[in-house]
Participant: 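Structure incoming, see below.
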Amino acid sequence: MDKKEIVSVLNKISILYELKGENFFKIRAYQAAARALELSDINIDSNTLESELISIKGVGKSIAAQIIELSKNELPDLYKNLKSSIPAGLLEMLKIQKLGPKKIKFLYDEMGISDIGQLESACIENRIAGLPNFGKKTQDNILHGIELVKKFSEAFLYSIAAGQAETIVEKLQSSGHITHISIAGSLRRKKGVVKDIDIVACTQNPGDAMDIFTGLSQVSEITAKGETKSSVRLKSGINADLRIVENFQYPYALHHFTGSKEHNTAMRSLAKKSGIKMNEYGLFKNDKLIKCRDEKEIFSVFNMEYIEPELRENTGEIEAAASRSLPGIIDDKDILGLFHFHTDYSDGNMSLRQATVRLIEMGFSYCGISDHSKTAAYAGGIADEKIAAYIENTNIVKNEFKEFTIFSGIESDILADGSLDYSDEILSLFDFVIIAVHSSFNMNRKAMTERIIKGMQNRFATILAHPTGRLLLARDPYDVDINEIIDAASAYNVDIEINASPFRLDLDWQNCKYAKEKNVKIFINPDAHSLEGFNDYRYGVNVARKGWLEKTDIVNTWQADKVALHLSRKKQAK
DNA sequence: GCCGTTTTCGGCCCGACTGTTTTCAGTCG
């Protein structure tokens, strides 16, 4: 079993323990170990030693032994026994809102209910209301929750949720009385996929603000309404929470509701060590508030640098902030040019000229065109005999815009055997060659990894595009060893892109640190097919920020002449 | 189950809202 599968088993054990009613801290220990393992750089195989595993904070002897068993493809007895003692349907039942492990356990133990179907019938037959600690309201909530499980996914693309959150903030702001307001939660941390919308605000009239919030036209249902917290479900299916606090509490509340949960837990435990209590209303020493005007001052109390929201995942940012060694992460304005876009030579709906005009308007100083190659028939890829015309057109536009640099490129398919779909003769005509997998996704891990590495060995390969091929919420990544890909990129001097399409965000932020460690250079590419698509580069910046990347790591934050040198050196070196 | 610059035992982050209860457990974030 590989690391990903092992992480999944550890998480399953924690869920099974929850349904068993096990000790809360034991449950959390498994969750913590799973997460620690996931985020560590350790590569797990059948030779992995206990000592390596125990060195990961959160993994002890017991869990290390289970990981070792799993790495040898043996399921630990503990897991087998747990799994066989708990019907799979109970796990599904956890997806129902307002229904947690305790109630599920009760329903199973006392009523023999072991899946969503049985639960639904029991509710319809009015057999749930009347049970101890269950009433009519709970029964209705369960039925409603079941309906939602059937209807909605639990996750939404950042781009969709962010748009809706911004609209809500604007409406609350225009209603007056708001003194502070911000999007918080995973949206503020710029996760690619989010579960809900969190908003923190201060106002002189909390009642009014709650009324406005719960009365918004996009609200389909009010799930909670109080003086300081209200929750609604939007018509889109996304849940949104509004928290209202006093002005002086705003920085603490903003930090608290921005999370992540793991970051907060770590911060609180750190606070506790210095005798400070930390919650959404403040920092307290001996019940006395330590005044902070903004989030920056909260971190200062602990003698830490300000931690950007994107970094707050408890992946080392707290330690780095304490030792004043946080990375200087990039900003939208650091991006000076955009590569990887498609024009009407393949499946884009704009000409190179139109693209260039737009990019100049957006303030960029260079770009790199890369239409699809001949194998991508579905995308109108360019046949061998049309390459000359494609390059000629690029040259015409190049000459028209002297102050703006256009790099000439192509997105060449990595075929199933690892070869690229153009001859070296054709590939040599370009300033850069993006290589990508667009077909035969169902290869096994070893074969897929070897295929991509062979593609990178081509002497003209410049950038590897969307390295895992995933489509968020729609298509799993193909089976590939991403660390091996990064190692190979380092060895064969190939850059990797962060595909900034909100549907892809591939390379993922969690792999960026390893790429940086291996000195692999990164491009943030919009993969635009239309003029509007260029704006997507910002989503890629979000990924780079979460991934601790700095300007030195990201090629398209460099000036055009440096990029030109970088590309030509790559071509000559190979 | 994990962890330790007071600790190898005894802790483990904290609070709002709901619904079912008469003081609180469960769920969620």
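First the proteins, then the strands, lettered A, B, ... as listed; each starts at 1.
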Participant: Give me the distance, rounded to whole Å, that separates dG11(B) from dT6(B) when you measure between the C1' atoms they each carry.
Facilitator: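 Approximately 14 Å lies between the C1' atom of dG11(B) and that of dT6(B).
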Participant: Closest approach to the side chain of K102(A), judged atom by atom: which nucleotide of dG15(B), dT18(B), dT27(B) is it?
Facilitator: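 Among dG15(B), dT18(B), dT27(B), the one nearest the side chain of K102(A) is dT27(B).
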Participant: Starting from P on dG1(B), measure out to OH on Y79(A) and report it in whole angstrom.
Facilitator: 17 Å
Participant: With heavy atoms under 4.0 Å as the rule, sort K105(A) into base, sugar-phosphate or nothing.
Facilitator: nothing
Participant: Quick one: on DNA chain B, does V59(A) or N133(A) contact a more 5' nucleotide (nearest heavy atom)?
Facilitator: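 Going by which nucleotide is closer to the 5' end, it is V59(A).
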Participant: With respect to the side chain of K272(A), which nucleotide from dC12(B), dT21(B), dG1(B) is positioned closest?
Facilitator: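 Selected nucleotide (nearest to the side chain): dC12(B).
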Participant: With a non-hydrogen cut-off below 4.0 angstrom, is I27(A) in contact with a base, only sugar-phosphate, or nothing?
Facilitator: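 The answer is nothing, as I27(A) stays clear of every strand by at least 4.0 Å.
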Participant: Got a donor-acceptor contact below 3.5 angstrom from the N511(A) side chain to the L507(A) backbone?
Facilitator: no
Participant: Closest approach to the side chain of K103(A), judged atom by atom: which nucleotide of dG29(B), dG26(B), dG4(B) is it?
Facilitator: dG26(B)
Participant: Please report, rounded to the nearest Å, how far the P atom of dC2(B) is from the CD atom of Q66(A).
Facilitator: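 Whole-Å distance recorded here is 8 Å.
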Participant: Pick from F299(A), Y306(A), F302(A): which one makes a ring pair (Phe, Tyr, Trp, His ring centres under 6.0 Å) with H255(A)?
Facilitator: F299(A)
Participant: Counting any heavy atom closer than 4.0 Å, what does F134(A) reach on the DNA or RNA strands: base, sugar-phosphate only, or nothing?
Facilitator: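 If one applies the 4.0 Å heavy-atom cut-off, F134(A) turns out to touch the sugar-phosphate alone, with no base involved.
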Participant: Would you say the side-chain atoms of R233(A) and Q218(A) include a donor-acceptor pair closer than 3.5 Å?
Facilitator: no
Participant: Is the NZ or CZ atom of K190(A) positioned over Y158(A)'s six-membered ring, under 6.0 angstrom from the centre and within 45° of the axis?
Facilitator: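 No, cation not above the ring by the 6.0 Å, 45° rule.
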Participant: For I199(A) and dG29(B), give me the distance from atom CD1 to atom C1', rounded to whole Å.
Facilitator: 15 Å
Participant: Considering only the C1' atoms, how many Å lie between dA25(B) and dT20(B), rounded to the nearest integer?
Facilitator: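 dA25(B) and dT20(B) have their C1' atoms separated by 9 Å.
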Participant: Can you tell me how far C1' in dT23(B) sits from the matching atom in dC17(B), rounded to whole Å?
Facilitator: 16 Å
Participant: With a non-hydrogen cut-off below 4.0 angstrom, is F257(A) in contact with a base, only sugar-phosphate, or nothing?
Facilitator: nothing
Participant: So what does K261(A) touch, heavy atoms closer than 4.0 Å: a base, only the sugar-phosphate, or nothing?
Facilitator: nothing
Participant: If we take the C1' atom in both dG10(B) and dG15(B), what is their distance in whole Å?
Facilitator: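 About 24 Å, rounded to a whole number of Å.
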Participant: In Watson-Crick or G-U wobble terms, both distances under 3.5 Å, what is the partner of dG19(B)?
Facilitator: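 Paired with dC24(B).
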Participant: What nucleotide among dG19(B), dG15(B), dA16(B) has an atom nearest to a side-chain atom of R243(A)?
Facilitator: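 Closest nucleotide among those given: dA16(B).
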Participant: Using whole Å, what does the distance between atom C1' of nucleotide dC17(B) and atom CE of M210(A) come to?
Facilitator: 11 Å
Participant: For atom P, what is the distance between dT27(B) and dT21(B), given to the nearest Å?
Facilitator: 15 Å
Participant: Between dG19(B), dG29(B), dT18(B), spot the one nearest the side chain of K137(A), thanks.
Facilitator: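 Nearest nucleotide to the side chain: dG19(B).
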Participant: Identify whether any heavy atom of M278(A) sits under 4.0 Å from a base atom; if not, whether one sits that close to sugar-phosphate; answer base, sugar-phosphate or nothing.
Facilitator: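 Sugar-phosphate, backbone atoms only, no base.
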Participant: Whole angstrom is fine here: how far is it from CD1 in I56(A) over to P in dC3(B)?
Facilitator: 10 Å
Participant: For a side-chain contact (heavy atoms from CB on, under 4.5 Å) with I168(A), tell me which candidate from V219(A), L234(A), I183(A), V232(A) qualifies.
Facilitator: L234(A)
Participant: Closest to the T138(A) side chain: dG19(B), dT27(B), dG1(B)?
Facilitator: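 Ranking dG19(B), dT27(B), dG1(B) by closest atom to the T138(A) side chain puts dG19(B) first.
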Participant: Just to be sure I understand the rule, does N141(A) reach a base, reach only the sugar-phosphate, or reach nothing, if contact means heavy atoms closer than 4.0 Å?
Facilitator: sugar-phosphate
Participant: From CZ of R312(A) over to P of dG29(B), roughly how many Å is that when rounded to an integer?
Facilitator: 20 Å
Participant: Select base, sugar-phosphate, or nothing to describe what K195(A) touches, counting heavy atoms under 4.0 Å on all strands.
Facilitator: sugar-phosphate
Participant: Provide the distance between the two C1' atoms, one in dT7(B) and one in dC2(B), to the nearest whole Å.
Facilitator: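 These two C1' atoms come out 14 Å apart once rounded.
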Participant: Identify, between A224(A) and L78(A), the residue whose nearest nucleotide on DNA chain B lies closer to the 5' end.
Facilitator: L78(A)
Participant: Which glycosidic conformation, syn or anti, is assigned to dT7(B) if syn requires a torsion within 90° of zero?
Facilitator: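 Judged by the O4'-C1' to base torsion, dT7(B) sits in syn, the angle falling within 90° of 0.
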Participant: Using atom types as modelled and distance alone, determine if a side-chain donor or acceptor of D481(A) lies under 3.5 Å from a backbone N or O of E484(A).
Facilitator: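 Side chain of D481(A) to backbone of E484(A), a donor-acceptor pair under 3.5 Å: yes, one is there.
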Participant: In whole angstrom, give the distance that lies between atom NZ of K98(A) and atom P of dT27(B).
Facilitator: 13 Å
Participant: Would you verify whether the NZ or CZ of K291(A) falls within 45 degrees of the ring axis of F248(A) while also being under 6.0 Å from that six-membered ring's centre?
Facilitator: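 No, K291(A) does not lie over the aromatic ring of F248(A).
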Participant: Between dC2(B), dA16(B), dG29(B), which one does the side chain of I63(A) approach most closely?
Facilitator: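 Of the candidates, dC2(B) comes closest.
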Participant: Classify T228(A) by what it touches in the nucleic acid, base, sugar-phosphate, or nothing, heavy-atom distance under 4.0 Å.
Facilitator: sugar-phosphate
Participant: Which part of the nucleic acid does R28(A) contact within heavy-atom distance under 4.0 Å: base, sugar-phosphate only, or nothing?
Facilitator: base
Participant: Round to a whole Å and report the spacing from CZ of F24(A) to C1' of dC28(B).
Facilitator: 12 Å
Participant: Could you tell me if Y514(A) and D487(A) have a donor-acceptor pair between their side chains, going purely by distance under 3.5 Å?
Facilitator: yes
Participant: Got a donor-acceptor contact below 3.5 angstrom from the S300(A) side chain to the N303(A) backbone?
Facilitator: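 Checked: no pair found.
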Participant: Taking atom C1' in both dT5(B) and dG1(B), compute the distance separating them and give it to the nearest angstrom.
Facilitator: 24 Å
Participant: When you measure from the side chain of Y30(A), which nucleotide among dA16(B), dG1(B), dG19(B) comes out closest?
Facilitator: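 From the listed options, dG1(B) comes nearest.
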Participant: So which nucleotide from dC14(B), dC12(B), dC2(B) ends up closest to the side chain of K277(A)?
Facilitator: dC14(B)
Participant: With respect to the side chain of S62(A), which nucleotide from dC2(B), dG29(B), dC17(B) is positioned closest?
Facilitator: dC2(B)
Participant: With a 4.0 Å cutoff (strictly under), does any side-chain N or O of Y281(A) reach OP1 or OP2 of dC14(B)?
Facilitator: no
Participant: P atom, dC12(B) versus dT18(B): distance in rounded Å?
Facilitator: 28 Å
